[in-house]
Amino acid sequence: MKPAYRRVLLKISGQRLAGEDGWGINTAVIGRTAQEIVDVAQSGVQLAVVCGGGNIIRGIAAAAEGMSRTNADYMGMLAGLINSLALQDALERAGAASRVLSALEIPSVAEPQIRRRAIRHLEKGRIVIFAGGTGNPFFTTDTGAALRAMEIEADLLLKGTRVDGVYDADPERVKEAKKYDEVSYKEFLTKNLKVMDATAISLCRDNALGIRVFDITEQGNLQRVIAGEAIGTRVGP
Ligand code: UDP
C-alpha cells in the first residue's frame, strides 16, 4: 500500500479500546487495533496516535455525579495515559517501536511533551503516542489531538470512531439520520454536529487542518484511509 500522506495523527476514542465490554481496556481489541496501526506505519507514513480516556472516566460525567470537575478532568487525562501505555505495549508486541510523550509529566513512564523530540521520533520511524490530552482541564482529547496534529505539522487529523462518519443527527438514535461525505468546518459548527467537539473543529478551521472521521472498528478501514480512499466524512474548508 502506498500512503497518500507523509505524516498523520490518528485519534482513537477510549470507547474503541473497551470494545464490546463498554468499559476498561479489552486486550483483544487493543491488539487488533495495534496490528492495524503497525501495518500502516510499515507503509512509510509517519504516524502519531492519541488515545482518549472515555472508556475509564469522563470529566463531565464524573462532575455530574458530584466530583470536582477539575479533579475529574485530571483523572480523565490520566486515563488517556493508561490507554496510551496499553497501546504502546500492544504496538511493541506487534513489532513496532513507539514512544509515549505525555502532557502531564510522569517521567517514570513517559517522556515529556517536547515537540522537536516528537518530530525526531517520527522521522526515525517510531510511532509517537501523545498522552495526557492538552494537559489542561475543561478540554477534550479531540482538542488535544488537533493541537498535537498542528504542532507536528500533520497532513491530516484522523478521527477513528465507532460511527462511519459525521451525521446530521445521532445515527444510533435517529434512524433517518443522514451521513455527510464532506462537511465544512462552518456547517459543522453552525449545525452543532456531534462526533467531535466544537473547540477541536474551530482550532482545525483556524489553522486549515483537514479532518477525516471514519469507522475504525471495521477492519481494513485505517489502511484505506491512509491510502487516500474517501471513506467516512471529510471535514474541511
Ligand atoms: N481531558 C481533559 N483535558 C484534555 C483531554 C482530556 O480534561 O485536554 C479529560 C476530560 O475529563 C475528558 C477525559 O479526559 O472527559 C477523557 O477524554 P475524552 O472524553 O476526550 O476521551 P474520549 O471520548 O476520546 O475517549
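Just follow the structure's listing: the first ligand is 1, and inside any ligand the first atom is 1.
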When you look for heavy atoms under 4.0 Å from ligand 1, do you find them on the side chain of I57, its backbone, both, or neither?
-> backbone
Could you walk me through whether L10 and I216 pass side chain to side chain contact (heavy atoms under 4.5 Å, CB included), step by step?
-> CA-CA 10 Å; L10 168 67; I216 199 175; 4.2 Å; yes
Thinking salt bridges, do E123 and R116 make one under a 4.0 Å N-O criterion?
-> no
Please name the residue in the list T199, I211, T143, V235 that meets the side-chain contact (heavy atoms from CB on, under 4.5 Å) test with C204.
-> I211
Going by an N to O cut-off under 4.0 Å, is there a salt bridge joining D142 and K159?
-> yes
For ligand 1, which part of K11 has a heavy atom less than 4.0 Å away: the side chain, the backbone, both, or neither?
-> side chain
Atoms of ligand 1 under 4.0 Å from any heavy atom of G52, numbered from 1 in the order shown, are 21 (O), 22 (P), 24 (O), 25 (O)
Say whether T134, considering both its backbone and side-chain N or O atoms, lies within less than 3.5 Å of an N or O atom on ligand 1.
-> yes
Contact with ligand 1 for A79, non-hydrogen, under 4.0 angstrom | no
Name all pairs fulfilling the side chain to side chain donor-acceptor pair (under 3.5 Å) condition that reach into residues 42-52, sequence neighbours left out, sorted by first residue then second.
-> R7-Q46
Report, as yes or no, whether the 6.0 Å neighbourhood of atom CG on L189 holds more than 12 heavy atoms from other residues, nucleotides or ligands.
-> yes
What's the shortest distance from atom 13 (C) of ligand 1 to any protein heavy atom, and which residue and atom give it?
-> G76 CA, 3.6 Å
List in chain and number order the residues that pass side chain to side chain contact (heavy atoms under 4.5 Å, CB included) with A169, two or more places apart in sequence or in another chain; answer none if no residue qualifies.
-> V174, A177
What do we get for T143 next to ligand 1 when only non-hydrogen atoms under 4.0 Å count, side chain, backbone, both or neither?
-> neither
Does Y180 have K178 sitting over its ring (NZ/CZ under 6.0 Å from centre, angle to axis within 45°)?
-> yes
If you measure from each heavy atom of P137 to ligand 1, is any distance below 4.0 Å?
-> yes
Min over T141, L81, T140 of heavy-atom distance to atom 18 (P) of ligand 1 lands on T141
What protein heavy atom sits nearest atom 15 (O) of ligand 1, and how far away is it?
-> G59 N, 3.1 Å
Could you tell me the residue and atom name of the protein heavy atom closest to atom 2 (C) of ligand 1, and the distance to it rounded to 0.1 Å?
-> F139 O, 3.1 Å
Check the surroundings of atom CZ in R162: do more than 12 heavy atoms from other residues, nucleotides or ligands lie under 6.0 Å from it?
-> no
Option set G53, C51, G14, criterion heavy-atom distance to atom 21 (O) of ligand 1, minimum = G53
In this structure, atom 10 (C) of ligand 1 is nearest to the protein heavy atom D73 OD1, 3.3 Å
Protein heavy-atom partner closest to atom 23 (O) of ligand 1 - residue, atom, separation in Å = R58 NH2, 2.7 Å
Residues, nucleotides or ligands: over 12 heavy atoms within 6.0 Å of Q219 CD | no
For G54, is at least one N or O under 3.5 Å away from an N or O on ligand 1?
-> yes
Under 3.5 Å: N/O of D142 near N/O of ligand 1 | no
Does a sphere of radius 6.0 Å around CZ in R69 hold more than 12 heavy atoms from other residues, nucleotides or ligands, not counting ones at 6.0 Å or beyond?
-> yes
Shortest heavy-atom approach to atom 3 (N) of ligand 1 - which of T199, N136, L78 = N136
